[in-house]
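Keep in mind the model is a prediction, meaning the values are calculated, not measured.
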Amino acid sequence: MKLYKGRMFTAVRAIAMSALLMLLANAGFAQRQMENLGRGVVAMRKSADSVFVSWRMLGTDPTDIGFNLYRKTGSAEPVKLNTTLITKNTNYTDVKPDFTQENDYFVKPVLGGKELGASKPWVLAANAPVRQYVNIALKTPAGYTPNDVSPGDLDGDGEYELVIHMAGRGRDNSQAGLTDPPILQAYKLDGTLIWTIHLGKNIREGAHYTQFLVYDFDGCGHAEVVCKTADGTIDGQGKVIGDSTKDYVDRQPTSANGRPSATYGRINTGPEYLTVFDGLTGAELATTDYIPGRGDLGAWDGIGGNGGHDNYGNRSDRFLACVAYLDGIHPSIVMTRGYYGRSVLAAWDFRDHKKLTSRWVFDSKDGQNPFSGMGYHGLSVTDVDGDGKDEIIFGSMVVNSDGTGRFSTGLRHGDAIHVGYLDPDYPDKLVFGIHEMAGGTKGWGAAVYNARTGEILFKPAKDVDVGRGVAESIIPGVKGAQMWWNTDPNLYDIHGNVMGQRPKQINFLSWWDGGLTRQLLDGNQITKFGTGVIFTADGCVSNNGTKSDPALSADILGDWREELVERTADNQNLRIYTTTIPTDYKIYTLMHDPQYRLSVAWQNVGYNQPPHTGFYLGYGMNPPPRPNIVLVKKK
C-alpha cells in the first residue's frame, strides 16, 4: 500500500508550500525561553591509553563556531590538545594522557578568530577506570525502586540535575489494592541528594497516577517541579500541604456482600491539588485545586462510547501531563485526566508572581463527542501549523494552542505515539500511532496521519489489536523514517512499502553511534539495525516490566547524541551512560530543539516513549534549522 496513493503533490503545491514556510519563517515570531545551558563537557577513559571527550554546541551558537580543547593535568598549566581549530564536530579523542594524575578537560569557543571564556571543566580522577558512565549513589528509601527520571537545571548553573520518581509497592489502575506513597528525589550528578518530596498516602502509586514535570516555568533561570498532590504531601523543606490527618484511602478489602471490593486501595474522595515546587529547595511555591475533579466516576469510561461501566475509579484516575509553549514565548503546564472516554486538558501558567493561573480547559465532556476516547497512554507536543505556538497531540486528536479542538481522527485509544518530520519530503509533520481494539471496537491497528490537518494517510492492521509500535530512521542509506509494530513481521517505509523483516525491538530508541540513523534501545542494550548489539549497560536493569523503559534517554551531556540512564540491579545506584564513539556530525544540543526538549519533559508520563526532534534527523537530512530561542539566565 502506498502512503500517498492518490495524493501526489504537484509542483504548484510544492512551490506554494515553500512560499508559506518562508512567510512563516519571516513572520517575526517571539523567541521561546529556553535553558541557558553550559558546554556539558564529559570525558570518559575509553581505553588503556585514551580519553573520549565531547561537549555541547548550543542552539544559539553560529554554525561557524569553533572550539579549542584543553587538558589540565595535576598542578601543571593547561595544554591545548588540538593543533587546528575544531570546527567539524564537538568531540575529540585524547591519546596517552598521564592517568596517574587528575585530568581536567575544558573547551573554549572561538568566534571570528577570538577565543572566548573557558567552560566548566570535567574532572577525570587519577587512575580513572575504563568505563563510560557516571555513577550516582542513591539514598533509595527502604522498599522502593528508582523509576522514571526527568532532567532539569535545578540550580541555574547551566548543567542538569535529575529528579527521580522513587516507586514503592504500586498498582495498575485496573487493580484494587493498597500502595506505598510515591516519593520524588532530586540529585546532582555528583550524587548529592538535594531534596526529597513525599507525596503522601493520598496519592496512589502506579504508572498512571504521578506525572511530574521538570521545567523552568516562570523564567527565573532554574527549573521547578510540578505534579498532582493531596492532603498529607510533604515538600522538600518538611512543610505539609493540606491536612495531614486525612486518610481517603479505601481500606476495606471486601464489599458489604463479602466479595472482593473493586475500590480497595483506591482514593475516590478527598481534595486533589496541583503543586509547583522549587527545584532548588523542593519547597512548595504554589498549590491550587486540580482541574478537573473526579466528578461522576462512570463518565470517564470509554467502553461502548457512553460510559457508565467503570464506577470504581479506574478510568477516572488516568492522568497525563506535558509542557507547551501556548503563547509561543513562555512554557505552560498542561495536566490532563481521562482518555478512554471523557478527556480533559487543563492549561496553567506559572509566572513571576509565583501563582498558578488557569489559562484554559479543554473538555470532551461525553462519549458521543468526537474528541472523547481519543487519548493514548501518552502524548506529544509540537507546533503543527508553523505559527510559533504549540499544539498538543493527544493520541488520535489534536488540541490547539488556545485550548480548542483542532481535529479528531476517530482512530481512538492507543499505547505508543511518534511525531515529527517522519518523511522529510512531506511538508507537514506526521503522527504514527498504534491502537487497541478493546471492548469489541473496530478500526485500524496502526495509522499515520497529518499532524496539521488530521488527514489519515496510511491505515494498516484492520481490526487488529496492536500493543506496540515505533517510527524512526534506522536504515543507513534510506531517507525518511521506517515503521513497525508487534503484530506484523514486516518493516515498512513511511510510504507503506515493505522493506523486509522488522526488528524484534519495539520499545525505545537512541542516537548512540556516529551516524545519523537511530539505534534500538531495549532493556539494557542498544542495537544497531542490521548489525546487532553495539552496547550493553552491564549490571543495570530497565523499568516497567516488559516495556523495558530506561529511567531516562536524553541528550543531557556532551555532544548531540543521547545518554542512557538506568538503575543498577540492587536499586542503589543510577548510572548515566554516554557514548564514546566519535562522530563527524556537528549538531547543536538536541535539548535546544523545542520539540525534543518538550518530549524529554513528558518522557516519564504514562507509557514512556522516546523523544523526537522538531526537524528531520536521519539519513539524507539537511542542516538542522536554527531554533528561535532565547536563553534565560538565572535571576
Side-chain angles (χ1 to χ4, degrees), residues 33-42 55-56 58 119-123 133-141 146-166 182-198 210 212-227 235-237 275-285 323 331 350 550-558 562-567 572-578 589-592 596-604 611 631-635:
Q33 296 180 355
M34 294 287 282
E35 293 160 315
N36 186 33
L37 296 175
R39 293 295 169 185
V41 176
V42 59
W55 58 93
R56 290 189 189 108
L58 305 178
S119 69
K120 180 180 178 181
W122 180 275
V123 178
Y133 65 83
V134 179
N135 191 80
I136 300 176
L138 303 174
K139 294 179 174 59
T140 307
N147 196 260
D148 294 333
V149 171
S150 192
D153 183 1
L154 301 181
D155 55 12
D157 68 349
E159 304 301 335
Y160 284 117
E161 287 75 43
L162 301 179
V163 178
I164 307 173
H165 177 181
M166 292 290 186
I183 294 173
L184 298 178
Q185 290 186 335
Y187 287 86
K188 290 181 174 294
L189 299 194
D190 65 5
T192 302
L193 175 61
I194 306 172
W195 47 254
T196 300
I197 295 171
H198 296 266
T210 296
F212 65 100
L213 302 173
V214 182
Y215 215 84
D216 180 9
F217 291 102
D218 62 357
C220 67
H222 66 82
E224 292 80 41
V225 179
V226 181
C227 66
D235 76 2
Q237 298 297 303
T275 298
V276 180
F277 298 95
D278 184 3
L280 184 62
T281 66
E284 175 205 9
L285 295 177
V323 182
F350 181 71
L552 174 69
S553 178
D555 175 20
I556 60 174
L557 286 173
E562 294 173 299
E563 278 62 51
L564 168 62
V565 183
E566 293 204 330
R567 60 187 168 98
Q572 300 306 305
N573 300 273
L574 204 66
R575 289 181 180 171
I576 306 172
Y577 289 90
T578 186
T589 174
L590 302 186
M591 296 297 258
H592 274 170
Y596 183 92
R597 182 62 186 93
L598 296 180
S599 298
V600 171
W602 56 246
Q603 186 179 135
N604 69 82
L631 306 184
V632 179
K633 295 182 179 180
K634 184 178 179 181
K635 294 180 180 178

If you take all heavy atoms of [X] and [Y], which pair is closest and at what distance?
X	Y	value
Gly191	Ile136	CA-CG2, 3.8 Å
Lys635	Gly219	CE-O, 3.1 Å
Lys633	Asn36	CG-ND2, 3.6 Å
Ile197	Gly236	CG1-N, 3.7 Å
Glu562	Pro611	OE2-CG, 3.7 Å
Gly282	Phe277	O-CD2, 3.4 Å

Donor-acceptor check, side chain of [X] to backbone of [Y], threshold 3.5 angstrom: yes or no?
X	Y	result
Trp195	Gly279	yes
Arg39	Pro121	no
Glu563	Leu557	yes
Gln603	Ser553	yes

Go through the steps for Ser150 and Phe212 under the test side chain to side chain contact (heavy atoms under 4.5 Å, CB included), then give the verdict. CA-CA 8 Å; Ser150 192; Phe212 65 100; 3.6 Å; yes
As an exercise, state the distance from [atom1] of [X] to [atom2] of [Y], rounded to the nearest 0.5 Å.
X	Y	atom1	atom2	result
His222	Thr281	NE2	OG1	8.0 Å
Asn604	Thr210	CG	OG1	10.0 Å
Leu162	Leu574	CG	CG	6.5 Å
Leu37	Met591	CG	CE	7.5 Å
Asn573	Leu138	CG	CG	6.0 Å
Leu598	Leu213	CG	CG	10.0 Å

Under the rule for salt bridge (Lys or Arg N to Asp or Glu O under 4.0 Å), what residues qualify as partners of Glu35, not counting sequence neighbours? Arg597
Among residues at least two apart in sequence or on other chains, which ones pass salt bridge (Lys or Arg N to Asp or Glu O under 4.0 Å) with Arg567? none
Student check: side-chain heavy atoms of [X] and [Y] closer than 4.5 Å:
X	Y	answer
Tyr596	Asp555	yes
Gln237	Asp278	no
Gln185	Pro146	no

Are a donor atom and an acceptor atom from the side chains of Tyr133 and Glu566 found within less than 3.5 Å of each other? no
Could you walk me through whether Met34 and Val632 pass the side chain to side chain contact (heavy atoms under 4.5 Å, CB included) test, one step at a time? CA-CA 6 Å; Met34 294 287 282; Val632 179; over 6 Å; no
When you look at Val276 and Phe217, which way does the side chain to side chain contact (heavy atoms under 4.5 Å, CB included) test go after all the steps? CA-CA 10 Å; Val276 180; Phe217 291 102; 5.6 Å; no
Exceeds 12 heavy-atom contacts within 6.0 angstrom, atom NZ of Lys634: yes
side-chain contact (heavy atoms from CB on, under 4.5 Å) involving Asp155 - partner list, sequence neighbours excluded: Asp153, Asp157, Glu161, Lys188, Leu280
Under the criterion side chain to side chain contact (heavy atoms under 4.5 Å, CB included), I'd like the reasoning laid out for Ile556 against Thr578: C-alpha separation, chi angles, the key distance, then a yes or no. CA-CA 9 Å; Ile556 60 174; Thr578 186; over 6 Å; no
Under the criterion side chain to side chain contact (heavy atoms under 4.5 Å, CB included), which of Val214, Asp216, Leu154 is the partner of Glu224? Asp216
